[in-house]
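Single-structure report; data block below.
Numbers restart at 1 for each chain; the letters A, B, ... are given by sequence-line order, proteins then strands.
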Protein chains: 2
Amino acid sequence: MEKGIALRIQEKYGQLRKSERLVADYLRDHASVRLEMSITEFANTLNISEATISRFTRALGYKGFADMKLALASESTPSQQFVNLPAEIKDTDTLTDISFKLLGSLGSAMNETQKHIDYEDIQSVVTSVLASRQIVFMGVGGAVSVCEEAVHLFLKAGIQATSHRDGYTQQVVAATATEQSTVFGISHTGTTEDVASALNVARRNGARTVAVTSNLDSAVAKAADTAIWTWTPNTPQIPLYGDFLEGRVCQIYIIYLIYLGVLFQSNGKVPEALGVTADTLKSYYQKR
Amino acid sequence: MEKGIALRIQEKYGQLRKSERLVADYLRDHASVRLEMSITEFANTLNISEATISRFTRALGYKGFADMKLALASESTPSQQFVNLPAEIKDTDTLTDISFKLLGSLGSAMNETQKHIDYEDIQSVVTSVLASRQIVFMGVGGAVSVCEEAVHLFLKAGIQATSHRDGYTQQVVAATATEQSTVFGISHTGTTEDVASALNVARRNGARTVAVTSNLDSAVAKAADTAIWTWTPNTPQIPLYGDFLEGRVCQIYIIYLIYLGVLFQSNGKVPEALGVTADTLKSYYQKR
DNA sequence: CCGAATTGGAGAAAAATTTCATAATATGCA
DNA sequence: TGCATATTATGAAATTTTTCTCCAATTCGG
């Protein structure tokens, strides 16, 4: 499959010239809208020359402007679904309306999260996980289910993972953490004192600590060696509809990414474990 | 949504001139291939003049040849780019690649799920939940975290919900279910015997039973009054990378949709409960 | 053979690309 | 640091390619 423009930009951004980055930025911000402009109009819009745009398209590996426009057009549909987001859900909405808006919200939240990923951070977390003897996930309230999901994934892959949902146990586990541990604290708002405190303790004990939060300025983020950011709407930090539904899927997205990273960097150890697990489960279910 | 070219051709075919029909026929026969040719090349290919092609595009309602090419490009791959995923993640991929593919995969899985929603089913489930005294979620393995998430949401909203992750407890709970209960069974493959069996028992006891699964032909689906479908890739039902990552987010999506439906149809009761919960949590965190 | 409809050719217009001169920036050296 | 020089980035203009428009030639039905 042909590479999408977002990926191309991400890969090449460092090598782009200043004026070319203008093009890249514009395209990233308007990824969902079909580009109807001619190269001349486009150049005027961005106040740069047509030559720059032409060079840019080549730099990204397209055959030219027309080629890029075409490629863009064929991408546009999939991403369009995510665009219409600050879609507030109203109580007059039908279930159909809600399903569309919810899809848009969740999709674009993940999208934004992806856009802001710091891959060095992710990589270092993956490395930590691979080097650790035990992996611990900590979260309270809504984050619990994400921790559970993470544990389930890693366990299946043969990596010792546990999840702890109450402040007391979190303290206990943190207190016994070592350099051999990687401890994740998951908190959307980042204000969960229990988790922040546990991370601090674990860190003092030499464990590698990782936060997954939408607020990098929060207690939980500051308590961690590495803080991974998840998207949050600009609108209030109040659980408007009972919870940060989008926040949850962003956390899951990050966890999956780390999981897949671990999977692929384990030199076959993990896929092997997966195979063993799958076989075992199969015979377990067949016996009954 | 913009009209597709196939439809336009169908509508206008009678009014097209002979040479224009050549264009139409060609386009119909090559619908899936992205048209890369310039109008000149295209004219040579068909042995007709450029003017004819230009007129043709207008006849179909496009602004011109370029416009048609663009429109064609966005039709060609409705969302294929993203559909076929984790199966397609290769171990040579960088974290950046993986993050894009994962996003695409999760996004289009939700998208497909949304497309296939039967709103009458969802509505009837929402009604059941509102009418029930207790809500039960059952799942094993990877579905556990989804059940936990569901319980957390509903509890916050003042709705009595519980989650059960082992076959034994599931049987016990199913055995004591009544007409006042709504019982959810969550299973991606739908083959989880424990859950299917529990649903059957609960149903026999008069409870309303709901399945969330990607296989409507499965034991779990058949054991339920209402089966809600989640998307699954066409590729094998084997946990290639340890689990059905996309399946999980689809399940969550469905749960969220039901939750929001309940929220908005509760005549203010639920939002009120949410407010109380939020206040309580706030003072809980402030006290410490 | 006439006249309306259809078609293509030729050139105009628009769009995209390439070239090249200039501006901006970095580098080396005293 | 200041200055000269090399390197790189950029846009204006020229060139090429693509598309559109107009109109004359052709076809076809009567």
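Where A/N47 and B/A66 meet DNA chain D, the nucleotide closest to each residue was compared, and A/N47 sits on the side nearer the 5' end.
Between B/K18 and the phosphate of D/dC28, there is a side-chain N or O to OP1/OP2 separation shorter than 4.0 Å. In terms of phosphate contacts, A/R55 brings no side-chain nitrogen or oxygen within less than 4.0 Å of OP1 or OP2 of C/dT18. Close to C/dA14, at under 4.0 Å from its OP1 or OP2, lies no side-chain N or O of A/S38. Within the structure, a side-chain polar atom (N or O) of B/S54 is placed less than 4.0 Å from OP1 or OP2 of D/dC20. Checking the phosphate oxygens (OP1, OP2) of D/dG11, a side-chain nitrogen or oxygen of A/T52 falls inside 4.0 Å. For D/dT19, the OP1/OP2 oxygens have a side-chain nitrogen or oxygen of B/K69 closer than 4.0 Å.
Between the P atom of D/dT19 and the CE atom of B/M68 lies a distance of 10 Å, rounded to the nearest Å. Here the P atom of nucleotide C/dA15 and the CG atom of A/D67 are 19 Å apart, to the nearest Å. Between B/K63 atom NZ and C/dA15 atom P the separation is 11 Å, expressed in whole Å. In this structure, A/F56 atom CZ and D/dG11 atom P are separated by 14 Å, rounded to whole Å. The CD-P distance, from A/E20 to D/dG11, rounds to 10 Å in whole Å. Across the protein-nucleic acid pair, B/E50 atom CD and C/dA12 atom P stand 15 Å apart, rounded to whole Å. Note: CG (B/L46) to P (C/dT7) measures 13 Å, nearest angstrom. Straight-line distance from the CD1 atom of B/I39 to the C1' atom of C/dG9: 14 Å, rounded to whole Å.
Residues A/R55 and A/T52 are in side-chain contact: their nearest non-hydrogen atoms beyond the backbone lie under 4.5 Å apart. Between A/S99 and B/Y253, some side-chain heavy-atom pair lies under the 4.5 Å cut-off.
No donor-acceptor pair under 3.5 Å is formed between the side chain of B/S105 and the backbone N or O of B/K101.
In the set D/dC20, C/dG8, C/dT17, C/dG8 carries the atom at the smallest distance from any side-chain atom of B/S49. Between C/dA16, C/dG8, D/dA9, one nucleotide has an atom nearer to the side chain of A/F65 than all others, and that is C/dA16. Picking from C/dG9, D/dC20, D/dG11 the nucleotide with the shortest atom distance to the side chain of B/A51 gives C/dG9.
Across all strands shown, B/I53 has no heavy atoms under 4.0 Å from either base or sugar-phosphate atoms. B/T40 comes within contact range of at least one nucleobase, with a heavy-atom separation under 4.0 Å.
Relative ring orientation between A/F154 and A/Y259 is described as perpendicular, the plane-to-plane angle rising above 60° on a 0-90° scale split at 30° and 60°.
A cation-pi arrangement is not found for B/R248 relative to A/Y256, the charged atom failing to lie both closer than 6.0 Å to the ring centre and inside a 45° cone about the ring normal.
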